[in-house]
Trainee: 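Got a structure for you, written out below as structure tokens; questions coming shortly.
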4 protein chains.
Amino acid sequence: MAELKNMARLPVLKRGIETKEKIINAAWILFSDKGYFKTNTKDIATKAGVATGSFYAYFNNKKDVGIELIRRFYKDGTEKVLSHTIKKISDMLAENPGPKTVRMTVKFIIESFKEFHAISPMLQRDALVLILMDEEVKNVSREEDGKILSFLIEILQQYKEYLRVDDVEAAATLLFRVSDEVMHRIMIHNDEIEAERLLRELEDMICNYIFVSDLK
Amino acid sequence: MAELKNMARLPVLKRGIETKEKIINAAWILFSDKGYFKTNTKDIATKAGVATGSFYAYFNNKKDVGIELIRRFYKDGTEKVLSHTIKKISDMLAENPGPKTVRMTVKFIIESFKEFHAISPMLQRDALVLILMDEEVKNVSREEDGKILSFLIEILQQYKEYLRVDDVEAAATLLFRVSDEVMHRIMIHNDEIEAERLLRELEDMICNYIFVSDLK
Amino acid sequence: MAELKNMARLPVLKRGIETKEKIINAAWILFSDKGYFKTNTKDIATKAGVATGSFYAYFNNKKDVGIELIRRFYKDGTEKVLSHTIKKISDMLAENPGPKTVRMTVKFIIESFKEFHAISPMLQRDALVLILMDEEVKNVSREEDGKILSFLIEILQQYKEYLRVDDVEAAATLLFRVSDEVMHRIMIHNDEIEAERLLRELEDMICNYIFVSDLK
Amino acid sequence: MAELKNMARLPVLKRGIETKEKIINAAWILFSDKGYFKTNTKDIATKAGVATGSFYAYFNNKKDVGIELIRRFYKDGTEKVLSHTIKKISDMLAENPGPKTVRMTVKFIIESFKEFHAISPMLQRDALVLILMDEEVKNVSREEDGKILSFLIEILQQYKEYLRVDDVEAAATLLFRVSDEVMHRIMIHNDEIEAERLLRELEDMICNYIFVSDLK
DNA sequence: TATGAATGAGGATTCATTCAT
DNA sequence: TATGAATGAATCCTCATTCAT
């Protein structure tokens, strides 16, 4: 039934597309500023310069903009950040193949996670909350996480010969979760420990875990 | 002003203490069952067998019961679970000193995290959300996390000679966060990957990271 | 599930009972004046001199006050009007037994329906609409109609010897519906035909239908 | 002002007429299926394959389609059903004149009402509601009812010599209302009593009321 | 201390109708 | 003529918290 009620207008004219975009941008600004939960649909519509009804013409409800934003967020993260990382790693491997690049690769990955989380910590936080509290959002995130995981697995497999782990999928999952969590602690929870110390250990941990030790 | 508003009664008489306890128990049951956000104060009061007004005689607001419960939660976690772990480790070390206990220790630690998170995943989840959304709760959790961290540091220092990490505090923090996160993925997010695979890798990762490699 | 959510407060203290009564009275006035559909819960609360929330403390929703009012309406109709009619008929039969009272009885019944519908035509109309549009209200009305039907059957059975109909239940039902409908046409639809003519025919029709013809 | 606002296009070109027809058909389907109130203008337009705006080019508002449909409904009822009945009665009278046809005539009339109401109970119900709630619709229905009434009077006058009622107009009105109401109870309210019993009594009542008794 | 009634801001959503293109 | 995007008033209901008794 939830599927059937997907009544949101699919804009065909340029004007409609623009309006939808205006709403998304307004939501982005408001969510980044006040957070998802303190923003209401009327605010979003007003900020977008449209009527409340228009909001509901393009989105079934507030959650749906949230999901849309989370998707874009992930997309940006994967397209701009992770794929960029892959490129960097490939370039590096082309120039300078061999075990010496391993640590650099890990650095790059961590760096890309950092960049990803720096885009909008507020949104990251609220996304985290939504994922915890809403099944639909959880599924969206799971779906998107799957893509990131594939990236990581792909990267790891480029180093097949230097891996010390057998279960690459589980290792990649762990690598993903661990990096993600560390970024959360740094960007969202503002844990007392200095970010640098944590990041240094993170890098060290990953290298020692994933790769055989006699490389360095 | 926050100070002034702390009107909640501090029960001294046995009866008052019992009433407060009844409220906490009711809240615990309800939060574990329906979650913090879907439980309202009236329900709690009703379940506790007191009037709504009485709830506010013992707690300033709903959040405060949440905090109280989170504190107890942590307390249980540290007292019943972690301290029990420490004991197990000490016993093991007494009986069988040396590097061979390292991996067992890590297993114990992971196991204790698992037990801790198994108490009430629903509450864990809502605590997570509250921590993300409320500064006061965040501080409470930070405080309690500090205690757990101390435990871990204490344990690690028992193995001083076998440690490969320099920054023990950061390592312990990482160890804490990583274990916590993995439990969340397993207990709360129900990630698709099998728990066993993830846990096996977690153990492997921690061992390789924390301890020198020529032990096993 | 609808049953389970019967959260409406059951007032225990005098104050609560009074408030509920105030709300019902306000609703009655507003419904009679503007009609059910043009009245909203906020209006009712305001008129009752209470907060919106109080409205929802005593009623799950607007429909529920409507139902409550419909019930009271019926109750008034049956208690004050119909039972009064029964009494009049009994008195008449006691004084002056025999077939001559038949027509008078029918007159009394019609008169009682008229009185019943004269209480608040606006509410009658809205009740009619609600019955048509809402299953729950329909059931309430069916239930209450059953009581009126029993009254009618009871009356008819007092004239057992003069009845020409076999299926008394069906006859009473028809008698009920026909009288009701005629009142609706007169009080609600304001049909063009003069009420007197219609009522005269109604009486004539019922007498000829229900009773043997050689009485008069 | 009401006059001024009658901007609805009066289609003269074939295309316009077709579009209007498409809208009416779509509305018919939707109203019969989900009812008038749960159908919105957008749905109607979509189902008709036109834009929302086009709807308002042909109708001033949603109610107007309702009225149009009610008119057609009545027209179908009178043309296809009632006039067909008149024909059947005329044929019968031609073949077999005399008092024996009286009961058959009543049967035919009741049957025609039944057929009429069977076309679309959902629409009947909503028409009923609209008539109760909207003055304009009430007037339309009154107008159309007048036509049916004329039919009935016409029929009754064919039996002038057997009638026992004096006020034929009032009698016809009563006959109309009574039959209509019984059909509502059967088709819309689904009263508990079996339709057959009610219909049998209805027929009996009408015969005894309208016609002299020594016919059968 | 305890009770339970009262508060009321606050937010999501709908849909008939209008309007710009 | 036709399109489909835009409008925005209107309404229901929740629940943490306060208050009168």
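Every chain is numbered from 1, with letters handed out A, B, ... down the list of sequences. Given the structure is predicted, the values throughout are model-derived calculations rather than measurements.
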Trainee: Between D:Q124 and D:F73, which heavy-atom pair has the shortest distance, and what is it?
Mentor: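 Closest pair (atom of D:Q124, atom of D:F73, distance): NE2-CE2, 3.1 Å.
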Trainee: Remember a base hit wins even if backbone is also touched, and classify C:K42 as base, sugar-phosphate or nothing at under 4.0 Å, heavy atoms.
Mentor: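 Here C:K42 touches no strand at all.
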Trainee: Quick check on DNA chain E: between A:T39 and C:G49, whose nearest nucleotide comes earlier from the 5' end?
Mentor: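 Its nucleotide being nearer the 5' end, the pick is C:G49.
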Trainee: Partner of E:dA20 by Watson-Crick or G-U wobble geometry, both contacts under 3.5 Å, or none?
Mentor: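 When the pairing criteria are applied, F:dT3 turns out to be the nucleotide that pairs with E:dA20.
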Trainee: Rounded to whole Å, how long is the line connecting atom CD1 of B:I44 with atom P of E:dG4?
Mentor: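 Spelled out: CD1 on B:I44 to P on E:dG4 is 17 Å.
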Trainee: Do the side-chain N or O atoms of C:T41 get closer than 4.0 angstrom to the phosphate oxygens (OP1, OP2) of F:dC12?
Mentor: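 It does, given that an N or O in the side chain of C:T41 lies less than 4.0 Å from OP1 or OP2 of F:dC12.
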Trainee: Choosing from E:dA5, E:dA6, F:dG8, which nucleotide comes nearest the side chain of A:A51?
Mentor: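 The listed nucleotide nearest to A:A51's side chain is F:dG8.
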Trainee: Using a 4.0 Å heavy-atom cut-off across all strands, classify B:F37 as base, sugar-phosphate, or nothing.
Mentor: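 No contact.
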Trainee: Output the rounded distance in Å from CD (A:E18) to P (E:dA20).
Mentor: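 Taking atom P of E:dA20 as the reference, CD of A:E18 is at 17 Å.
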Trainee: Determine the minimum heavy-atom distance between A:W28 and A:S120, stating which atoms define it.
Mentor: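 That closest heavy-atom pairing would be CH2-CB, 3.8 Å.
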Trainee: Looking at A:R72 and A:E68, is there a salt bridge between them, counting it only when a charged N and a carboxylate O are closer than 4.0 Å?
Mentor: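 Yes, this pair counts.
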Trainee: So, is D:S54 close to the F:dT3 phosphate, meaning a side-chain N or O under 4.0 Å from OP1 or OP2?
Mentor: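 Yes, D:S54 has a side-chain N/O under 4.0 Å of OP1/OP2 on F:dT3.
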Trainee: Distance check needed: E:dG4 C1' versus B:K47 NZ, whole Å only.
Mentor: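 That distance rounds to 20 Å.
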Trainee: Classify the nucleic acid contact of C:Y58 as base, sugar-phosphate or nothing, counting any heavy atom under 4.0 Å across all strands shown.
Mentor: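 Counting heavy atoms under 4.0 Å across all strands, the contact made by C:Y58 is with sugar-phosphate only.
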Trainee: Less than 4.0 angstrom from a charged side-chain N to a carboxylate O is my criterion; do A:E136 and A:R142 meet it?
Mentor: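 No, A:E136 and A:R142 are not salt-bridged.
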Trainee: Need to verify one output field. Residue with the more 5' nearest nucleotide on DNA chain F, C:K62 or D:G53?
Mentor: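 This one resolves to D:G53.
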Trainee: Expressed as a whole number of angstroms, how long is the span from D:K22:NZ to F:dT1:P?
Mentor: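 So the two atoms are 14 Å apart, to the nearest Å.
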Trainee: Rounded to whole Å, how long is the line connecting atom NZ of B:K38 with atom C1' of F:dT14?
Mentor: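 Atom-to-atom, B:K38 to F:dT14, this comes out as 14 Å.
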Trainee: Could you pick out which residue, D:Y36 or B:V50, lies toward the 5' side of DNA chain E when each is mapped onto its nearest nucleotide?
Mentor: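 Between the two, 5'-proximity favours B:V50.
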Trainee: Using 4.0 Å as the upper bound for N to carboxylate O, is an ion pair formed by C:K38 and C:D43?
Mentor: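 No, C:D43 and C:K38 are not salt-bridged.
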Trainee: Assess the residue pair C:K20 and C:F59 against the criterion (side chain to side chain contact (heavy atoms under 4.5 Å, CB included)); give the C-alpha distance rounded to whole Å, side-chain angles, the decisive distance to 0.1 Å, and a yes or no.
Mentor: CA-CA 9 Å; C:K20 184 165 186 177; C:F59 298 95; 3.8 Å; yes
Trainee: Nearest-Å distance, CG (A:D64) to P (E:dT13)?
Mentor: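 The distance from CG of A:D64 to P of E:dT13 comes to 9 Å, rounded to the nearest Å.
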Trainee: Measuring to OP1 and OP2 of F:dT11, would you say a side-chain N or O of C:N40 lies under 4.0 angstrom away?
Mentor: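 True: C:N40 side-chain N/O within range (under 4.0 Å) of F:dT11 OP1/OP2.
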Trainee: What integer distance in Å separates C:D43:CG from F:dT11:P?
Mentor: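 Those two atoms, CG and P, are 8 Å apart.
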Trainee: Tell me whether the side-chain N/O atoms of B:Y56 come closer than 4.0 Å to OP1 or OP2 in E:dA2.
Mentor: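 No, no such contact exists.
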Trainee: Tell me whether the side-chain N/O atoms of A:T52 come closer than 4.0 Å to OP1 or OP2 in F:dG8.
Mentor: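 For F:dG8, OP1/OP2 do not have a side-chain N/O of A:T52 under 4.0 Å.
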Trainee: Return the 5'-most residue of the pair D:F55, B:F55 with respect to DNA chain F, ranking by each residue's nearest nucleotide.
Mentor: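 Looking at the nearest nucleotide for each, D:F55 comes out on the 5' side.
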Trainee: Using atom CZ of C:F59 as one end and atom P of E:dA6 as the other, report the distance to the nearest whole Å.
Mentor: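 Between P of E:dA6 and CZ of C:F59: 12 Å.
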Trainee: Compare side-chain N and O positions of C:T19 against OP1 and OP2 of E:dA6 and report whether any pair is under 4.0 Å apart.
Mentor: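 The answer is yes; a side-chain N or O of C:T19 sits under 4.0 Å from OP1 or OP2.
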